[in-house]
Amino acid sequence: IELAFAVVLFPLLVVLSLNDIDRMEIPYWTSISIGVLGVISVIIDILTPNAMPWYEHLIGAVIISVPFAILTFLGAMGGGDVHLMAAAGLLLGWKIVPAAAIGIILGALGGIVLKLITKNNQIKFGPFLSVGIVVGYLFGTDIINWYLSFIK
């Protein structure tokens with residue numbers, strides 16, 4: 001099932017990244033498609049014993065979309081980034097945290113390089129978030145466990 005989700009998710013992320021690079025816009029249909037994957041994932045997890053509880057998917061959507069919405073309100077990013085991360089949070093649940101962290105770090109580094117090279121203030125954040133989502137999807141559990149190993 002995870003492979004089927006990846007076969008749909010990863011091309012969606014490529015399309016939205018290329019569109020963001022070209023037009024500085026994340027198409028709604030890509031975020032909606034990722035959200036539909038999230039809803040399907042919630043339904044599968046409800047029907048599967050020992051799977052992620054449904055409310056962790058909702059927590060993932062809220063925990064990431066609220067700070068992103070605040071940043072959008074302050075003019076730091078576009079609304080498409082909020083929609084993307086809310087949909088990805090619904091799909092990934094708590095694994096959205098390392099995904100967002102990776103996307104933000106890569107975006108900051110890419111923004112610094114872009115600023116030094118082109119003096120452009122507009123950063124296309126979708127591709128960086130997409131890389132973070134892929135890493136979170138593939139390795140989110142491992143990243144969280146690695147991080148928590150420092151606390152023990």
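Since the model is a prediction, treat every value here as computed from it, not as a measurement. Just so it is clear, the values below take in all heavy atoms, side chains as well, and ignore hydrogens, waters and symmetry mates.
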Is it the case that one hydrophobic cluster holds both [X] and [Y], taking links as side-chain heavy atoms less than 4.5 Å apart, direct or via other members?
X: W94; Y: I59; result: no
X: V8; Y: V134; result: yes
X: L13; Y: M24; result: no
X: I32; Y: L9; result: yes
X: I46; Y: Y55; result: yes

Show the numbers, then the answer: is there a side-chain contact (heavy atoms from CB on, under 4.5 Å) between I63 and I96? CA-CA 9 Å; I63 201 167; I96 194 64; 4.2 Å; yes
Could you measure the distance from the [atom1] atom of [X] to the [atom2] atom of [Y]? Nearest 0.5 Å is fine.
X: F139; Y: I144; atom1: CZ; atom2: CD1; value: 14.5 Å
X: K124; Y: E25; atom1: NZ; atom2: CD; value: 13.0 Å
X: I70; Y: S65; atom1: CD1; atom2: OG; value: 10.0 Å
X: I104; Y: L129; atom1: CD1; atom2: CG; value: 7.5 Å
X: I64; Y: I133; atom1: CD1; atom2: CD1; value: 9.5 Å
X: F5; Y: I44; atom1: CZ; atom2: CD1; value: 4.0 Å

State, with a plain yes or no, whether a side-chain heavy atom of [X] is found less than 4.5 Å away from one of [Y].
X: I26; Y: H83; answer: no
X: P127; Y: D20; answer: yes
X: D45; Y: S41; answer: yes
X: F10; Y: L138; answer: yes

Do side-chain atoms of Y137 reach the backbone of E2 as a donor and acceptor pair under 3.5 angstrom? yes
Just by distance, do the side chain of S33 and the backbone of W29 share a donor-acceptor pair under 3.5 Å? yes
Count the heavy atoms belonging to other residues, nucleotides or ligands that lie under 6.0 Å from CG of L148, then report whether that count exceeds 12. yes
Nearest non-hydrogen partners of [X] and [Y], listed with the distance:
X: I143; Y: P98; result: CG2-CB, 3.6 Å
X: H57; Y: L90; result: ND1-O, 2.7 Å
X: P11; Y: A6; result: CD-O, 3.8 Å
X: G35; Y: A87; result: N-CB, 3.5 Å
X: S17; Y: G126; result: OG-O, 3.9 Å

Test N145 against S149 for side-chain contact (heavy atoms from CB on, under 4.5 Å), laying out the working first. CA-CA 6 Å; N145 290 337; S149 71; over 6 Å; no
Ring-plane angle category for W146 and F150, please: parallel below 30°, perpendicular beyond 60°, tilted otherwise. perpendicular
Carefully, step by step, assess I34 and L16 under the rule side-chain contact (heavy atoms from CB on, under 4.5 Å). CA-CA 11 Å; I34 294 169; L16 79 83; 4.1 Å; yes
Give the intermediate values and the outcome of side-chain contact (heavy atoms from CB on, under 4.5 Å) for residues T30 and L84. CA-CA 8 Å; T30 56; L84 169 62; over 6 Å; no
